[in-house]
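Before any comments, here is the structure.
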2 protein chains.
Amino acid sequence: MPNPRSMTVLIDPAFSDAEKAINNAFSQRRTLLVVGNCSIDYSGRASSSLTPGDRIVIAKADGSFLIHRSLGNEPVNWMPKGNVVFNVQHMEHGLEIRAIRRKPSESIRVSFANIRLIAALDLADSAEFSLNASEQDMQKAILLKPELLEEGIKPISWEKKVEPGFIDVYATDKQGRLVVVEIKRKTAGKDAVLQLTRYIEAIKRKADREVRGIIASPGIGKDVQRLLAISGLEFKYLDPKKCAETLRHTKMRRLPEYLGENPS
Amino acid sequence: MPNPRSMTVLIDPAFSDAEKAINNAFSQRRTLLVVGNCSIDYSGRASSSLTPGDRIVIAKADGSFLIHRSLGNEPVNWMPKGNVVFNVQHMEHGLEIRAIRRKPSESIRVSFANIRLIAALDLADSAEFSLNASEQDMQKAILLKPELLEEGIKPISWEKKVEPGFIDVYATDKQGRLVVVEIKRKTAGKDAVLQLTRYIEAIKRKADREVRGIIASPGIGKDVQRLLAISGLEFKYLDPKKCAETLRHTKMRRLPEYLGENPS
DNA sequence: AATTAAATTTCGCCT
DNA sequence: AGGCGAAGTTTAATT
């Protein structure tokens with residue numbers, strides 16, 4: 001018994017059977033998969049029509065609706081989740097599936113002249129999707145290979161505790177100045193600048209030295225860039241993908257001797 | 001015999017059978033559909049991982065690769081067509097499907113712990129997708145709402161017969177000059193300019209008045225633009241989508257009184 | 001709720 | 001082949 005979850009599959013069903021199965025799938029909030037020859041009409045934000053052909057139709061429990069042709073990455077017609085109602089009807093010459101939603105008001109009608117396969121599925125999937133590299137990966141990459149940031153940078157510590165929080169990477173540059181690095185996995189926003197500013201002020205209160213502030217991220221907003229310049233801070237482009245690669249290539253290496261195993 | 005095209009369906013197959021069926025599907029360039037419990041790793045433009053769960057996997061003949069979860073409009077992982085190679089392997093504890101492409105270099109590995117459904121499909125689909133509004137819709141929109149074109153335009157007739165053919169929209173502008181409008185649903189080419197030129201010459205032969213010529217389309221070629229300028233004609237950007245929207249919002253309204261029910 | 005910005009954007013068209 | 005711009009973009013984050 002490999003599958004605790006139930007699944008209903010019909011091959012080349014009669015329209016009457018298909019209608020029942022599809023209705024069941026909808027009322028049970030199952031994922032519906034239909035393959036068959038159909039024509040499609042869409043009306044809503046735009047409108048479109050597609051004469052008959054074999055397609056794959058997927059109706060999900062949240063209202064997401066997808067129709068795929070034999071080629072191409074993107075669905076030829078679709079409907080995003082949100083206020084979507086599905087409905088099926090056995091017509092004179094075929095079977096119609098409709099997806100209707102309000103706000104924005106739109107509807108798709110799929111008219112099947114022929115159905116080859118129906119599957120009603122309970123897809124058990126509670127896994128969380130994780131997009132790498134994480135911010136932590138980026139931090140590790142910088143610690144292992146500081147030249148990713150700038151030639152001559154030497155990390156002193158990471159996750160250094162200061163008044164407002166924790167500094168991602170704390171370092172010195174070639175000229176011996178202190179460097180505070182704030183890492184963002186995505187495009188840096190104003191919040192990143194604010195954070196960095198607070199860290200630097202905290203450092204300056206303790207050490208009466210010149211302190212540089214660097215935001216390391218794959219991008220930065222246009223106006224954030226201005227804010228950064230005004231605040232006398234710097235931006236360094238850092239690609240999460242490149243960080244991941246760096247980690248992969250150096251993961252067996254230990255941290256440099258001047259860094260202990262634990263953050264200071 | 002409802003289906004001239006062949007289709008292979010396996011329900012809860014053994015991995016060895018699954019491997020054969022999938023290999024066949026790949027070598028025969030069929031559309032492959034797999035439902036089962038799998039984990040996914042992606043590495044390429046970014047990288048991601050997803051722990052096990054039930055998903056729908058679609059591999060198309062052009063290399064398009066899609067993995068859908070139970071919810072959401074968009075695939076959790078995917079690969080666009082282009083230099084993609086599929087491959088399948090029966091492992092110790094399951095079955096792996098790989099999609100690999102170069103330029104950009106990326107790969108997806110789908111590791112099935114369990115397969116519930118396999119379908120290998122020949123999707124016969126030669127239909128052409130048509131996104132409305134049609135040229136006719138654009139014409140209607142202009143007639144209903146001439147300000148789409150220009151403030152003060154007053155349509156006189158549509159599909160007006162002249163020597164070389166039919167004028168899409170015939171009108172007067174604010175200054176009382178005659179206006180000939182040529183509508184194109186897509187980017188206008190030299191043919192549109194030629195057509196328009198001929199219509200204008202035909203009108204000028206009859207009416208000894210100043211005549212303007214306007215091409216209304218969602219775009220125009222760079223060199224066509226030059227040709228247009230040389231010919232003393234004009235281009236007006238007109239969005240088919242906006243036209244469709246205009247029609248939707250005004251479809252119950254009748255044509256203005258100065259226009260009859262039939263073209264002149 | 002509306003606005004803005006990013007996306008493994010994809011896709012088509014043009015150079 | 002590379003670059004630009006639009007999309008029924010979608011989606012997440014922010015105001």
[N] to [M] separation - [atom1] atoms, rounded to the nearest Å:
N	M	atom1	answer
C/dT8	C/dT4	P	22 Å
D/dT9	D/dG5	C1'	13 Å
D/dT10	D/dA6	C1'	14 Å
D/dG8	C/dC14	C1'	24 Å

How many whole angstroms separate atom [atom1] of [X] from atom [atom2] of [N]?
X	N	atom1	atom2	answer
B/Asn73	D/dT9	CG	P	13 Å
A/Lys186	D/dA12	NZ	C1'	6 Å
A/Gln225	C/dA6	CD	P	12 Å
B/Leu71	D/dA12	CG	P	12 Å
A/Leu131	C/dT8	CG	P	6 Å
B/His68	D/dT10	NE2	P	14 Å
A/Glu74	D/dT11	CD	P	11 Å

[X] side chain N/O closer than 4.0 Å to the phosphate oxygens (OP1, OP2) of [N]?
X	N	result
B/Lys103	D/dG2	yes
B/Trp78	C/dT9	no
A/Arg45	D/dT10	yes

Is any N or O donor-acceptor pair between the side chain of B/Asn77 and the base of C/dT8 shorter than 3.5 Å?
yes

Considering every strand shown, what is the Watson-Crick or G-U wobble mate of C/dT8 when both distances are under 3.5 Å?
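No nucleotide pairs with C/dT8.
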
Can you check whether [Y]'s main-chain N or O pairs, donor with acceptor, with [X]'s side chain at less than 3.5 Å?
X	Y	value
A/Arg101	A/Lys81	yes
B/Gln139	B/Asp168	yes
A/Ser217	A/Gly219	yes

Per nearest nucleotide of DNA chain C, the residue lying toward the 5' end, B/Pro75 or B/Ser64, is B/Pro75

When rounded to the nearest 0.5 angstrom, what distance separates NE2 in B/His68 from CG in B/Asn77?
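These two atoms lie 11.0 Å from each other.
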
Need one value for A/Phe129: base, sugar-phosphate or nothing, where a base atom within 4.0 Å counts as base even if backbone is also close, heavy atoms only.
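It contacts base atoms.
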
Salt-bridge present (A/Arg116, A/Asp54; N to O < 4.0 Å)
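Answer for the salt bridge query: yes.
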
